[in-house]
Structures are given as structure tokens and as C-alpha cells.
Amino acid sequence: MAEKRKSHLVSERVSELPHSIFARLANLVGKGVISLGPGEPDFATPKHICNAAKKALDEGYTHYPPTTGYPDLLEALGKKLKAKNGIRADDPQTQICVTCGSTESLLLSMFTAVDPTEAVLVPDPGYMAYGPMIEMVDAEPVTYELHDDDGFQIDTDAMKKRIKPKTVGIILNNPSNPTGTVLKRSVLEEIADIAVDNNLMIISDEAYEDFTFGGAEHTSIGSFNGMEDYVVTNFSFSKSYAMAGWRVGYAVGPSSFIETMSKDHLYTSIASPALSQRAAIAAVTGPHACVEGMAREYERRRDFMLKRLNEISCLEVKVKPEGAFYVFPRIHSFGKMNSEQFSLWLLKEAKVVTIPGSEFGQMGEGFLRLSYATDMKSIASAMDRLEKLLGKK
Ligand SMILES: Cc1ncc(COP(=O)(O)O)c(C=O)c1O
């Protein structure tokens, strides 16, 4: 008889997944607290996108949509991918799968690319969902380390050393949550060579593609010649169009990959919500001044936050973030507190929510993630409070 597991209720696979500190912090947030925790835009979804959903409701878009997405949405995404990302999805109907946010497309990418016991390389520090997602497909996350001394760019020689016979994929996040790093084209070219030489699938998470600053350019590795069969790129409507609650994302890759992935998608959620998909068409085909406006406002907030952080004791930003909406300062000389204790102490003493770097992996220990997806007034007050508590440099 098979050995009994600890609980008859939940599988060990799931019970062993880590809890996120986000839920704990949410419970601690009380009156007078300023949160620099948000992982989603503070902006409302632009009006023309909301209006498209209202119209779709009146038109009766209340039935199951096609699994991979409405054909006109796939068509529009195919054009966007070519024009903006340089990714050629010549047959958008078979090369794109619209999902419930990029969270679903990332998980399904792993289901599709990875078998149990295989290994996938993940960034450390990196977005906290990658490790648990890989564990959910019974595979092993193997980290590649990112250092602020390297500007949090990927050291490709170190990455190569992490490849084992069982490694089948690499997760890239560009621009990065939590570091805000935009990966250099030259680094991406080296990673493309690694993938081809070792027959690895690249699962690229480009949820923050629209938020780059100071002239930094976002490059999609899926646009490189010869990479067509090695990359599945995951995009999101959540950040670019402030549509986090609508749950729309999509994956683009080789037809054979996406057609297989759409089976998983059918069994997982059937389709991304009909009204959200109709709204997504308005988002992708409509005016983009709103997206540019949000990007420039994030840039203004980033510059302000960096200026203030440079004046505050104990926190050091070695690497100017060039994308997403996060700053990832190093915590200096603060006794024996680890980043979680430090973050909870800031919450208690300064009433400012920050996310401990350890949430993003071992290499995140000693750092804090501060989000500027909140209004300027709150950012200014939060900086005043941190300065009062920690002192001036
Ligand atoms: C790097 C990264 N990827 C993916 C996601 C998931 O976004 P969504 O599922 O809303 O598309 C997030 C959300 O914060 C993120 O930060």
C-alpha cells in the first residue's frame, strides 16, 4: 500500500507551496498606512476600453468565447506583435492563446513545456510565482542569480553552469519584477544562443513591456531570427492598460506549442471572459496615448522616489530601474534584522508597507521592493516617514 500522506484533504504538492507575505501584509494594513506594496496600476482602466465592455454586454457577449480567443482579438494581437514587438505570428489563429491574465498563460506554458522531474531555470530575485508554478507541474525550479553589481543583468556564463541534463527551459522576465531591470539586447542574444545550443524552451514574461524609462528599450527575445521554435512569450493587459481585474493575457509561440497549450487552457478555464476579451480589442486597437501617459507618470514617480531614497539613510539604490514600476533598494547596516523583519518594522514604526526582498528568492534577502504604482502624494508622505525613521544620509 502506498505510504499515507500527512493530510487526506490536500495534496503534499500543494500544501508545501509557500504562502505569500502579501496576504499577511494585507491583514496588517490599517488606518493611516501608506502602501508601497501594490503590484498593479493605481490608474482606472481607460474609458474607451470600459465602454467597449458595456457595448459588448448590450450586444449579448455572455456566452463562452472560443477557447484561444475571439478571432478578431487574435488578428489584432497578431498585428500588434509584429508592429511593436517584432514577433511574427503569421498565423495568429494558431500561434496565440488568450488566457485569464498572464498568470494563466505562464502556468500553461510550464504545463506545456515541462514534464515532471525536469528542471527550469528561474531568476533570483524574481517574480514570486515562478517557483510555485514549476512545482505545480512537479518539476524543479533551479535559480540563476542576479546581482545589483551587474545591474541585475543576467550573467550568461553563470547561467550556463546551472544547466543540468534535466533542464528543459529558462524563464525570463523583461522588464523585471522586482528589480525594474530591462534586459540588454546583447544579453538576450547570448541567452538565445544558450537556448539553441542546449535545446531549451524560453518562457518569456513581458507583462511590463510598456513601462520603460529614460530611453531604455524593451526587446522581445521572441523577435530574434531563428528563435521562432524556442520561445513562448507571455503578455498581459493588466499593467499596460490598467486592466488587472479583467483577467486578460496571452501567449504567442510556435503553432504546435500553442495548439497543445490550448488543450490545457480548455481544461483549466475554457476561455478568458467574453466581456474582457471584447474590451481587450478596444485596448489593443484603440488610442495609445493613455498607455504612454501612464508610462510617463510612472517615470516621474520613479525619478522622485529615487531622488528621495538617495537622501535616506540605510537604503541604497545601486541600480537605477529602467522599467516596470518598482525600486529595489539594498538595506544597509540595520542590525540583525532580515528583510522581512525590517519590512514589518517599517510597517509598525512608519506605517509604510514595503515588500521584503526575500519574497523574491534567496538573492532578494537584504533588499526591499517599493512600488510606485501609487499616487505622488502618498509616495512623498511615505518617503517623509521613512526619512524620519531611518534618518538622512
Ligand atoms: C512579472 C509578472 N508577471 C506576471 C504577472 C501576472 O499578471 P496578470 O496575471 O495580471 O497578467 C505579474 C503580476 O504582478 C507580474 O508582476
Side-chain angles (χ1 to χ4, degrees), residues 20-23 25-26 35-43 45 49 69 73 77 96-111 120 122-134 136 141 146 152 154 170-183 202-212 218 220-221 232-252 265 268-269 271-273 276-277 279-280 283-284 291 294 298 321-328 353 355 357 359-361 364 369-374:
S20 163
I21 199 170
F22 281 90
L25 284 172
S35 181
L36 299 181
E40 65 160 311
D42 55 313
F43 298 104
T45 306
I49 302 175
L73 176 54
L77 290 174
I96 302 172
C97 181
V98 177
T99 53
C100 300
S102 62
T103 299
E104 193 200 359
S105 73
L106 284 163
L107 180 63
L108 298 184
S109 296
M110 318 236 185
F111 261 118
V120 179
V122 292
D124 181 3
Y127 178 47
M128 67 281 261
Y130 302 141
M133 282 179 177
I134 294 167
M136 281 161 82
L146 305 172
F152 290 120
I154 297 170
I170 303 173
I171 296 185
L172 294 182
N173 182 206
N174 181 29
S176 155
N177 172 9
T179 66
T181 305
V182 178
L183 292 174
I202 292 175
I203 298 170
S204 187
D205 175 355
E206 302 182 17
Y208 295 92
E209 61 168 329
D210 281 300
F211 303 141
T212 56
H218 163 254
S220 287
I221 193 164
V232 55
T233 317
N234 298 272
F235 291 101
S236 175
F237 280 77
S238 299
K239 322 286 174 181
S240 301
Y241 303 101
M243 289 178 71
W246 299 73
R247 310 312 299 136
V248 197
Y250 55 103
V252 55
H265 180 47
T268 312
S269 65
S272 171
S276 301
Q277 287 199 43
V284 76
V291 181
M294 289 188 272
Y298 286 134
E322 294 184 310
F325 38 63
Y326 308 107
V327 179
F328 202 59
V353 174
I355 307 296
E359 268 298 281
F360 306 96
R369 191 192 78 176
L370 310 181
S371 160
Y372 43 91
T374 190

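Bear in mind that the values here come from a model prediction, so they are computed numbers and not experimental data. Atoms within each ligand, like the ligands themselves, are counted from 1 in listed order.
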* Side-chain donor-acceptor pair under 3.5 Å between Tyr326 and Tyr208, yes or no? ->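 Result is yes, a qualifying pair exists.
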Numbered atoms and elements of ligand 1 in range of [X], under 4.0 angstrom, heavy atoms:
| X | value |
| --- | --- |
| Arg247 | 8 (P), 9 (O), 10 (O) |
| Ser236 | 8 (P), 11 (O) |
| Gly101 | 9 (O), 11 (O) |
| Gly39 | 14 (O) |

* Asked: Less than 3.5 Å between some nitrogen or oxygen of Ser102 and one of ligand 1, yes or no?
  ->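 Yes, there is a polar N/O contact under 3.5 Å.
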* Is there a nitrogen or oxygen of Asn173 sitting under 3.5 Å from a nitrogen or oxygen of ligand 1? ->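 In fact, backbone or side chain, Asn173 has no N or O that close.
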Check for a donor-acceptor pair, side chain of [X] on one end and backbone N or O of [Y] on the other, with a separation under 3.5 Å.
| X | Y | value |
| --- | --- | --- |
| His265 | Val98 | yes |
| Thr45 | Ala242 | yes |
| Ser272 | Arg247 | yes |

* Give, for atom CG of Asp210 and atom CE of Met294, the distance between the pair rounded to the nearest 0.5 Å. =>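 Rounded to the nearest 0.5 Å, the CG-CE separation comes to 8.5 Å.
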* Could you tell me the separation between the OH atom of Tyr127 and the CE atom of Met133, rounded to the nearest 0.5 Å? =>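 Atom-to-atom, Tyr127:OH and Met133:CE are 6.0 Å apart.
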* Option among Ile203, Val122, Ile221 that satisfies the side chain to side chain contact (heavy atoms under 4.5 Å, CB included) test with Leu172 ->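 So the option named by the test is Ile221.
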* Asked: Counting heavy atoms only, which part of Phe237 comes closer than 4.0 Å to ligand 1: side chain, backbone, both or neither?
  ->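 No part of Phe237 is near ligand 1 at this cut-off.
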* What part of Glu104, side chain from CB on, backbone N/CA/C/O, both or neither, has a heavy atom under 4.0 Å from ligand 1? ->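 The answer is neither.
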* The single option from Tyr298, Tyr372, Phe43 passing ring-ring contact (aromatic ring centres under 6.0 Å, His included) against Phe211 ->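 Passing option: Tyr298.
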To which protein heavy atom is [atom] closest, and what is the distance rounded to 0.1 Å?
| atom | result |
| --- | --- |
| atom 1 (C) of ligand 1 | Asp205 OD2, 3.3 Å |
| atom 14 (O) of ligand 1 | Lys239 NZ, 2.6 Å |
| atom 6 (C) of ligand 1 | Thr103 OG1, 3.3 Å |
| atom 10 (O) of ligand 1 | Ser238 OG, 2.6 Å |

* **Proximity flag Glu40 to ligand 1, non-hydrogen atoms under 4.0 Å** =>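 Judged by the 4.0 Å heavy-atom criterion, Glu40 does not count as contacting ligand 1.
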* Could you walk me through whether Ser102 and Asn234 pass the side chain to side chain donor-acceptor pair (under 3.5 Å) check? -> CA-CA 6 Å; Ser102 62; Asn234 298 272; over 6 Å; no
